[in-house]
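Given the structure is predicted, the values throughout are model-derived calculations rather than measurements.
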Amino acid sequence: MTIAYPSTPPVVAPPSGSARPRLTFLGTGYLGATYAICFAELGYEVLGFDIDEAKIAKLADGDVPFHEPGLDELLRKNLSAGRLRFTTSYEEVADFGDIHFICVGTPQRPDGMAADLSHVESAVTNLAPHLTRKALIVGKSTVPVGTAEWIENLVRRHAAEDLEVEVAWSPEFLQEGVAVEDVLRPNRIIFGVKSDWATGMLYSAHKGVFDLALTEDREVPVVVTDFATAELVKVAANAFLATKISFINAMAEVCEAAGADVTQLARSIGYDARIGNKFLRAGVGFGGGCLPKDIRAFQARAQELGVGEALRFLHEVDLINQRRRQKIVQLSAELLDRQYGPAGPDLAGTRITVLGATFKPNSDDVRDSPALSVVRKLSRSGADVTVYDPEGMDNARVDVGDVTYAKTLTDAVTGADLVCVLTEWEEFRNTDPNTLNHLVAAKKVIDGRNCLDQAVWAAAGWEYRGMGRPVVA
Ligand SMILES: NC(=O)C1=CN([C@@H]2O[C@H](COP(=O)(O)OP(=O)(O)OC[C@H]3O[C@@H](n4cnc5c(N)ncnc54)[C@H](O)[C@@H]3O)[C@@H](O)[C@H]2O)C=CC1
Ligand SMILES: O=C(O)[C@H]1O[C@H](OP(=O)(O)OP(=O)(O)OC[C@H]2O[C@@H](n3ccc(=O)[nH]c3=O)[C@H](O)[C@@H]2O)[C@H](O)[C@@H](O)[C@@H]1O
């Protein structure tokens with residue numbers, strides 16, 4: 001079996017003179033650190049860079065500064081092998097690398113929906129003046145369409161006049177929690193380029209990925225395209241995923257009104273291969289450092305391009321998603337027999353346990369986490385809220401300070417009037433409700449991710465509420 005592209009790869013000698021291109025990754029957060037470590041694992045010589053000295057010190061010490069399954073082990077292995085180093089020096093990055101991957105954050109601007117490109121700008125303008133030989137700067141961060149052209153201009157202005165520095169765009173599609181697998185075995189690779197040299201360099205930089213695929217008899221489709229298309233592929237993919245989740249959550253709203261079951265509905269429509277069964281899990285909705293900010297930045301950019309109307313539906317996708325968070329508050333009021341007035345419910349005097357703080361399981365990431373958003377809402381309504389999460393407690397504490405954090409699941413549920421499961425960690429899914437019966441003040445549970453076995457919880461005497469599912473007597 002051959003890889004889809006290119007069957008005869010262009011041969012490009014790395015400017016450093018080394019056999020394989022030397023890679024640097026600017027920004028060693030969830031994306032950049034994972035990439036740096038995985039590409040060292042594929043055999044490349046890699047240098048990771050960040051302006052956050054504490055993060056770089058941790059990584060250099062063999063300690064991944066966030067939770068991502070499998071990454072710690074690969075970090076330590078590749079540090080020992082000498083293929084992987086970390087630095088806070090732009091000079092060292094410029095001196096070392098043939099290809100510089102930009103992996104810095106592009107958060108939502110505090111004053112609006114658009115993406116904040118200041119980190120991208122700072123990384124590029126600080127690196128460019130130190131470059132002394134031909135190099136390729138490759139954007140991996142998620143950006144508004146048009147950014148690659150802008151970066152090309154920045155590079156032209158900040159690099160030495162007689163130096164050839166090219167730009168390319170290769171967006172990233174990894175999912176947190178399975179990031180190692182997604183980087184080593186991507187389902188596609190996009191090269192946004194302007195020259196054969198850039199294509200060749202990118203091919204050489206990904207040869208390890210293609211070789212691994214060959215040994216496993218897999219194909220990795222590669223799309224070689226222009227800058228704008230490459231940038232748009234990324235935001236279009238995230239917009240589609242967000243829309244799919246909000247679609248099923250809209251169906252959950254209808255199911256709630258009609259007494260139907262959205263989990264059976266999702267399974268039934270998912271059998272149609274044109275629809276597919278992935279990303280149809282109704283619940284408390286999507287969060288994280290990407291989908292919410294990306295659909296907003298996409299709308300903002302479409303407005304600038306004069307095609308805001310084309311993406312107006314994404315505003316609705318966002319609204320549906322926000323409503324799911326409020327739905328948990330509504331259900332809480334219902335189960336606790338509290339009135340839900342125009343200003344929300346009065347939950348004073350109630351004890352609510354929230355299981356889950358991260359935006360998804362197998363990650364410690366709490367950015368725009370639906371679980372923490374609900375925690376804030378419940379707490380503002382007067383409830384005494386206790387939170388437990390297997391990996392996200394440290395980050396959660398920074399985000400939401402004025403609630404109780406329990407050390408274990410059993411500590412968390414002790415004395416609870418209501419338990420809300422808002423992140424589908426295995427620990428929660430596997431919990432036998434019978435073991436909690438004697439701990440709680442009342443056997444009431446909201447399954448915000450439809451991840452518990454409704455029949456088992458009902459049989460253990462719990463009043464169960466799922467999302468978009470009929471009430472079981
Ligand atoms: N987290 C994910 O799963 C994925 C993220 N992305 C995109 O990748 C980008 C990065 O996301 P994350 O890694 O999640 O963010 P993050 O916040 O975890 O990491 C960003 C890193 O960039 C560093 N940084 C800021 N300014 C810098 C500079 N001038 N030079 C070097 N480093 C600098 C920060 O200190 C931080 O360590 C975003 O555009 C995001 O949308 C794309 C696909 C997946
Ligand atoms: O641009 C990014 O950073 C990444 O964003 C998402 O990845 P990620 O944010 O790690 O997590 P997802 O698995 O997509 O989940 C996002 C949110 O949607 C929720 N979700 C997911 C699926 C589903 O059916 N229902 C649902 O509510 C999850 O609980 C989570 O809160 C995309 O899936 C990645 O392809 C992309 O690279």
Side-chain angles (χ1 to χ4, degrees), residues 1-26 32 35-36 38-47 83 93-103 123-124 127-128 131-141 143 147-149 151-156 159-160 162-173 183-215 218-234:
M1 181 102 36
T2 55
I3 52 167
Y5 173 89
S7 47
T8 44
V11 176
V12 175
S16 64
S18 61
R20 298 175 104 182
R22 292 193 199 148
L23 314 179
T24 81
F25 293 87
L26 289 94
Y35 247 84
C38 287
F39 271 61
E41 174 67 13
L42 289 169
Y44 291 91
E45 274 190 78
V46 172
L47 183 62
R83 283 190 293 267
V93 170
D95 185 53
F96 176 85
D98 295 303
I99 305 182
H100 306 285
F101 288 96
I102 305 295
C103 303
V124 170
L127 171 68
L131 295 170
T132 53
R133 60 169 185 274
K134 189 168 180 177
L136 183 66
I137 296 181
V138 183
K140 283 206 86 63
S141 301
V143 294
T147 302
E149 293 282 351
I151 288 181
E152 208 176 42
N153 284 325
L154 284 180
V155 171
R156 229 171 266 141
D162 54 347
L163 199 64
E164 262 188 276
V165 181
E166 283 201 34
V167 170
W169 214 262
S170 182
E172 177 51 42
F173 306 97
V183 173
L184 296 177
R185 296 177 179 82
N187 50 26
R188 82 286 212 188
I189 295 178
I190 313 297
F191 295 162
V193 288
K194 282 199 176 169
S195 75
D196 287 346
W197 181 78
T199 308
M201 285 291 279
L202 277 171
Y203 177 80
S204 313
H206 290 81
K207 191 165 180 307
V209 174
F210 301 139
D211 287 347
L212 179 65
L214 277 177
T215 63
R218 284 182 294 111
E219 287 192 351
V220 182
V222 179
V223 179
V224 181
T225 184
D226 53 83
F227 283 2
T229 306
E231 292 165 322
L232 279 172
V233 167
K234 172 65 200 179

Of all heavy-atom pairs between V183 and C38, which one has the smallest distance, and what is that distance? CG1-CB, 3.6 Å

Please give me the minimum heavy-atom distance between I99 and P21, naming the atom from each residue. CD1-CB, 4.0 Å

Contacts of D95 that satisfy side chain to side chain donor-acceptor pair (under 3.5 Å) - sequence neighbours left out: none

For residues Y203 and F210, establish whether the separation of their ring centroids is below 6.0 Å. yes

Rounded to the nearest 0.5 angstrom, the CD-CG distance for E219 and L214 is 9.5 Å

Can you measure from CG (L26) to CD1 (I102) and round to the nearest 0.5 angstrom? 4.5 Å

Checking K194 now: which residues fulfil salt bridge (Lys or Arg N to Asp or Glu O under 4.0 Å) with it, not counting sequence neighbours? E149, E152

My understanding is that only residues two or more places apart in sequence, or in another chain, count here; which of them pass salt bridge (Lys or Arg N to Asp or Glu O under 4.0 Å) with E231? none

Partner residues of A168 under the side-chain contact (heavy atoms from CB on, under 4.5 Å) criterion, sequence neighbours left out: L136, V138, V193, L202

Got a sec, which residues hit side chain to side chain donor-acceptor pair (under 3.5 Å) with D162, two or more places apart in sequence or on another chain? none

Non-neighbouring partners of F39 that pass ring-ring contact (aromatic ring centres under 6.0 Å, His included), sequence neighbours left out: Y35, Y44, H206

Suppose we screen for side chain to side chain donor-acceptor pair (under 3.5 Å). Which residues come up paired with E166, at least two apart in sequence or across chains? S195

With sequence neighbours excluded, tell me which residues meet side-chain contact (heavy atoms from CB on, under 4.5 Å) with P171. W169, F173, I190, A230, K234

According to side chain to side chain donor-acceptor pair (under 3.5 Å), who are the partners of T225, at least two apart in sequence or on a separate chain? none

Note: A213 and V220 closest approach over all heavy atoms is CB-CG2, 3.6 Å

Just to verify, what does R22 make a side-chain contact (heavy atoms from CB on, under 4.5 Å) with, not counting sequence neighbours? S16, S18, E45, F96, D98, R133

Using 0.5 Å steps for rounding, measure from the CG atom of L42 to the CZ atom of R20. 7.5 Å

After noting the C-alpha distance and the side-chain angles of H100 and L131, does the key distance pass the side-chain contact (heavy atoms from CB on, under 4.5 Å) rule? CA-CA 11 Å; H100 306 285; L131 295 170; 3.5 Å; yes

